[in-house]
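Heavy-atom basis, side chains included; hydrogens, waters and symmetry copies ignored.
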Amino acid sequence: MDLSAVEKKIEYTFKNKELLKRALTLSSFDYRHSNESLEFFGDAILEFIVSEKIFGIDADEGELTETRKTLVCDKSLAQVSKNLGLDGFLIKGEGDTRNKKAIPSVYEAVTAAIYLDGGMPSAKKFVLNTLDFSFDAAEKNYKGELQEALQGSGHECPKYHTLDIGSPQTPVFQAKVTVFNSTFTGLGGSKQKAEQDAAKKALKKVKK
């Protein structure tokens, strides 16, 4: 395999090429020298880097945990691996075609390999440059959760009243939703964001 092609994709050149090779190797090809231990280590490194990145956003502990979980879940990491083309560089045994877990796992393994080869600054640069930190994409669907919670307890679906209170230069929307005789107001740069903000606040009351 041409490891230089992988290095070009991930924008990192290894001093120890064997680390990269191991990060790409599945147990179906070589059980004793597979990427499973690197995957384990990379998971922890990734959680630390992501936690540090999102630490400053305006959210409580539970929300931060959910945001991190969304950013590093298999679905998110699989997409990043595919964007980098890592799924095409996997070293695997013949007939190993249905191992979907290998695609997100290789990202974790490569993260650990970079850390071991170049230290935390290199690993952090790799993660911050490749992981999708779009918090819009990572946000929970508060409207959906609120609807499920209310329907589950026999109540009607929530109704939102949204107004455009901004200007052409600065779009601002205000959304209101009434739950259990209490009205919750949300703000956002779009109608959807404002309604999600209102639903997030209402959901806290429903959960209590």
Among residues at least two apart in sequence or on other chains, which ones pass side-chain hydrogen bond (donor to acceptor under 3.5 Å, both in side chains) with [X]?
X: Glu52; value: Lys124
X: Ser105; value: Glu39
X: Ser51; value: Arg68

Taking NZ, NE, NH1 and NH2 as the nitrogens, is one of them in Asp197 or Lys193 under 4.0 Å from a carboxylate oxygen of the other?
-> no

Is the charged tip of Lys143 near the ring of Tyr160: under 6.0 Å from the six-membered ring centre and within 45° of its axis?
-> yes

Is there a side-chain contact (heavy atoms from CB on, under 4.5 Å) between Asp87 and Ser81 once you walk through the steps?
-> CA-CA 6 Å; Asp87 55 320; Ser81 287; 5.5 Å; no

Write down the atom of [X], the atom of [Y], and the distance for their closest heavy-atom approach.
X: Val106; Y: Ala23; answer: CG2-O, 3.6 Å
X: Ser34; Y: Leu26; answer: CB-C, 3.8 Å
X: Lys191; Y: Thr162; answer: CG-CG2, 3.6 Å
X: Leu71; Y: Ile54; answer: CD1-CG2, 4.0 Å
X: Pro104; Y: Ala78; answer: CB-N, 3.7 Å
X: Ala175; Y: Ala198; answer: O-CB, 3.7 Å

Ring pair (Phe, Tyr, Trp, His ring centres under 6.0 Å) partners of residues 68-88, not counting sequence neighbours, each pair once | none

Same hydrophobic cluster for [X] and [Y], using side-chain heavy-atom links shorter than 4.5 Å among ILVMFWY?
X: Leu64; Y: Ile45; answer: yes
X: Leu19; Y: Phe29; answer: yes
X: Phe180; Y: Leu203; answer: yes
X: Val50; Y: Phe40; answer: no

When rounded to the nearest 0.5 angstrom, what distance separates [atom1] in [X] from [atom2] in [Y]?
X: His161; Y: Gln174; atom1: NE2; atom2: CD; answer: 12.0 Å
X: Lys204; Y: Lys200; atom1: NZ; atom2: NZ; answer: 6.0 Å
X: Leu128; Y: Ile49; atom1: CG; atom2: CD1; answer: 6.5 Å
X: Phe184; Y: Lys201; atom1: CZ; atom2: NZ; answer: 10.0 Å
X: Asp43; Y: Leu38; atom1: CG; atom2: CG; answer: 12.5 Å
X: Gln79; Y: Ile103; atom1: CD; atom2: CD1; answer: 10.0 Å

Taking the side chain as every heavy atom from C-beta outward, state whether [X] and [Y] have any pair of such atoms under 4.5 Å apart.
X: Val206; Y: Val179; answer: yes
X: Leu187; Y: Ile165; answer: yes
X: Tyr115; Y: Phe41; answer: yes
X: Leu3; Y: Phe14; answer: no
X: Val177; Y: Glu195; answer: no
X: Phe89; Y: Ile10; answer: no

Return the set of residues passing side chain to side chain contact (heavy atoms under 4.5 Å, CB included) with [X] (not counting sequence neighbours), or none when no residue passes.
X: Thr13; answer: Glu7, Lys17
X: Asn181; answer: none
X: Ser167; answer: Gln169, Thr170
X: Thr178; answer: Thr183

For residues 158-178, which residue pairs qualify under salt bridge (charged side-chain N to carboxylate O under 4.0 Å, His left out), counting only residues two or more places apart or in two chains?
-> none

Sequence neighbours left out, what pairs pass salt bridge (charged side-chain N to carboxylate O under 4.0 Å, His left out) with at least one residue falling in residues 111-123?
-> Lys15-Asp117

Between Arg22 and Ser37, is a side-chain contact (heavy atoms from CB on, under 4.5 Å) present by the stated rule, with each step listed?
-> CA-CA 10 Å; Arg22 182 160 187 168; Ser37 60; 4.0 Å; yes

Might you work through the side-chain contact (heavy atoms from CB on, under 4.5 Å) test for Leu90 and Thr25, ending with a clear yes or no?
-> CA-CA 6 Å; Leu90 290 173; Thr25 302; over 6 Å; no

Go through Asp74 and Lys101 one step at a time and tell me if the side-chain contact (heavy atoms from CB on, under 4.5 Å) criterion holds.
-> CA-CA 7 Å; Asp74 282 356; Lys101 174 65 177 173; 3.1 Å; yes

Name each donor-acceptor pair under 3.5 Å that joins a side chain in residues 107-114 to protein atoms two or more places apart or in another chain, with its distance.
| residue | atom | partner | partner atom | Å |
| --- | --- | --- | --- | --- |
| Tyr107 | OH | Thr130 | OG1 | 2.7 |
| Thr111 | OG1 | Tyr107 | O | 2.9 |

Is Phe173 isolated, or which residues cluster with it under the ILVMFWY side-chain rule of less than 4.5 Å, directly or via members?
-> none

